[in-house]
2 protein chains.
Amino acid sequence: MIGTQPLRLERSSIHDDSCPSFQAALELIGRRWTGSILSAAAQGARRFGEYRAVIDGISDRLLAQRLRELETEGLIERTVIPSTPVQIRYDLSTEGQALLRALQPLAHWSIQRSARQGR
Amino acid sequence: MIGTQPLRLERSSIHDDSCPSFQAALELIGRRWTGSILSAAAQGARRFGEYRAVIDGISDRLLAQRLRELETEGLIERTVIPSTPVQIRYDLSTEGQALLRALQPLAHWSIQRSARQGR
DNA sequence: CTGAATCCAATAGGATACTG
DNA sequence: CAGTATCCTATTGGATTCAG
């Protein structure tokens, strides 16, 4: 068979039909810049300009778009602070933090992978 | 765990600049149908027609395209068996299996998430 | 500073038909 | 069975400009 493990996933784990929300999550996460944005948030970015500074190459338009998508998905919370000028903060929600943790094995996988391919 | 920790990820974990291959992997995985294909493979699909049968709604064109992409990424191995007619098998590679395992926490996350939202 | 609006180019996806 | 070819539409992404 494959390797050491039979590698049985429950049918509900990945397949579209059983779990459309998983596909939705994958598609959001897979969208360009989303990983960078979550990572930036984990590193302490909070304001629009901070994200923009940390994420090299992203345009205002796409940053705004992704932040909106992430907010819609409940992964980031947008807070307006009434000062002059108005400050707006984007914080990881509890769900967003959980997502980030769930993403770690994947990050680990890709690091090992590139190490293998790098040589 | 979540709210109590500062949630520090190493800078190399997700960010584009540090790990472009992670972004590439995310974008492939996030692409439509890819999750379903990996899942089908984990469930035992091997031949083109088997994937097509298990994955509801996918077109030949996209199935062929995704299988090629996954093969290019080294996640699936294509084997031609010289019989009449020729048989072609698509098996998860060791890397593909590792990826699938790395994806499990994400699947778990999405299940809990939809359970929370479902009610 | 924090975006929204617009325009344009490139890419992804769906349907259908056809081939060795 | 295992795809390819073609056509067409929808979605993405980039650049630039404008506004509260």
Side-chain angles (χ1 to χ4, degrees), chain A residues 15-17 20 23-38 40-41 44-73 75-92, chain B residues 15-17 20 23-38 40-41 44-73 75-92:
Chain A
H15 198 279
D16 274 347
D17 298 346
Q23 180 60 25
L26 277 185
E27 286 181 17
L28 172 56
I29 297 160
R31 207 159 279 165
R32 203 168 179 185
W33 305 113
T34 305
S36 299
I37 291 172
L38 291 174
R46 292 295 171 258
R47 304 191 51 188
F48 193 89
E50 292 174 359
Y51 285 94
R52 182 166 46 190
V54 170
I55 304 169
D56 191 59
I58 195 173
S59 68
D60 289 357
R61 178 185 171 282
L62 288 186
L63 177 54
Q65 187 172 312
R66 289 291 174 273
L67 286 173
R68 248 181 289 125
E69 292 166 355
L70 289 167
E71 191 197 352
T72 298
E73 292 294 319
L75 303 176
I76 274 191
E77 281 160 15
R78 183 182 194 267
T79 313
V80 179
I81 300 176
S83 53
T84 35
V86 157
Q87 277 198 17
I88 301 181
R89 295 169 50 92
Y90 298 90
D91 299 271
L92 272 181
Chain B
H15 200 278
D16 273 346
D17 298 346
Q23 181 60 25
L26 277 186
E27 285 182 17
L28 172 56
I29 297 162
R31 208 160 278 164
R32 203 168 179 184
W33 305 113
T34 305
S36 299
I37 292 172
L38 291 174
R46 293 294 172 259
R47 304 189 52 187
F48 193 91
E50 292 174 359
Y51 285 95
R52 184 168 42 191
V54 169
I55 304 168
D56 190 61
I58 194 172
S59 67
D60 290 356
R61 179 183 168 283
L62 288 185
L63 176 54
Q65 188 173 312
R66 288 292 173 272
L67 286 172
R68 250 182 286 124
E69 292 166 356
L70 290 167
E71 191 197 351
T72 298
E73 291 294 319
L75 303 176
I76 273 191
E77 281 160 15
R78 183 183 193 266
T79 313
V80 179
I81 301 175
S83 54
T84 34
V86 158
Q87 277 198 17
I88 301 181
R89 295 168 50 91
Y90 299 89
D91 299 270
L92 272 181

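Below, chain A is the first sequence line, B the second, and so on; all start at residue 1.
- If you check every strand for non-hydrogen atoms under 4.0 Å, A:Arg89 touches nothing.
- A straight line from CD1 of B:Ile55 to P of D:dG3 spans 13 Å, rounded to a whole angstrom.
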Nucleotides 4-20 of chain D: protein proximity per nucleotide (B base, S sugar-phosphate only, - neither; heavy atom, under 4.0 Å):
S-B-----SBBB-----
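- The nearest whole Å value for the distance from the CZ atom in B:Arg78 to the P atom in D:dA2 is 10 Å.
- Atom CG of B:Leu70 is separated from atom P of D:dG3 by 13 Å (rounded to the nearest Å).
- Following rounding to the nearest Å, B:Ile88 (CD1) and C:dG20 (P) show an atom-to-atom distance of 15 Å.
- Straight-line distance from the CD atom of B:Glu50 to the C1' atom of D:dC1: 11 Å, rounded to whole Å.
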List the steps, then state whether side chain to side chain contact (heavy atoms under 4.5 Å, CB included) holds for B:Thr34 with A:Leu26.
CA-CA 10 Å; B:Thr34 305; A:Leu26 277 185; over 6 Å; no
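- A salt bridge is absent between B:Glu71 and B:Arg68; no separation between the charged side-chain nitrogens and carboxylate oxygens falls under 4.0 Å.
- When the P atom of C:dA12 is taken as reference, atom CG of B:Leu63 falls 17 Å away, rounded to whole Å.
- Put simply, CZ on A:Arg52 is 7 Å from C1' on C:dT2, counting in whole angstrom units.
- Remark: of the listed residues A:Leu38, A:Leu62, A:Leu63, A:Leu62 is the sole one forming a side-chain contact (heavy atoms from CB on, under 4.5 Å) with A:Trp33.
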Assess the residue pair B:Arg78 and B:Val80 against the criterion (side chain to side chain contact (heavy atoms under 4.5 Å, CB included)); give the C-alpha distance rounded to whole Å, side-chain angles, the decisive distance to 0.1 Å, and a yes or no.
CA-CA 7 Å; B:Arg78 183 183 193 266; B:Val80 179; 3.7 Å; yes
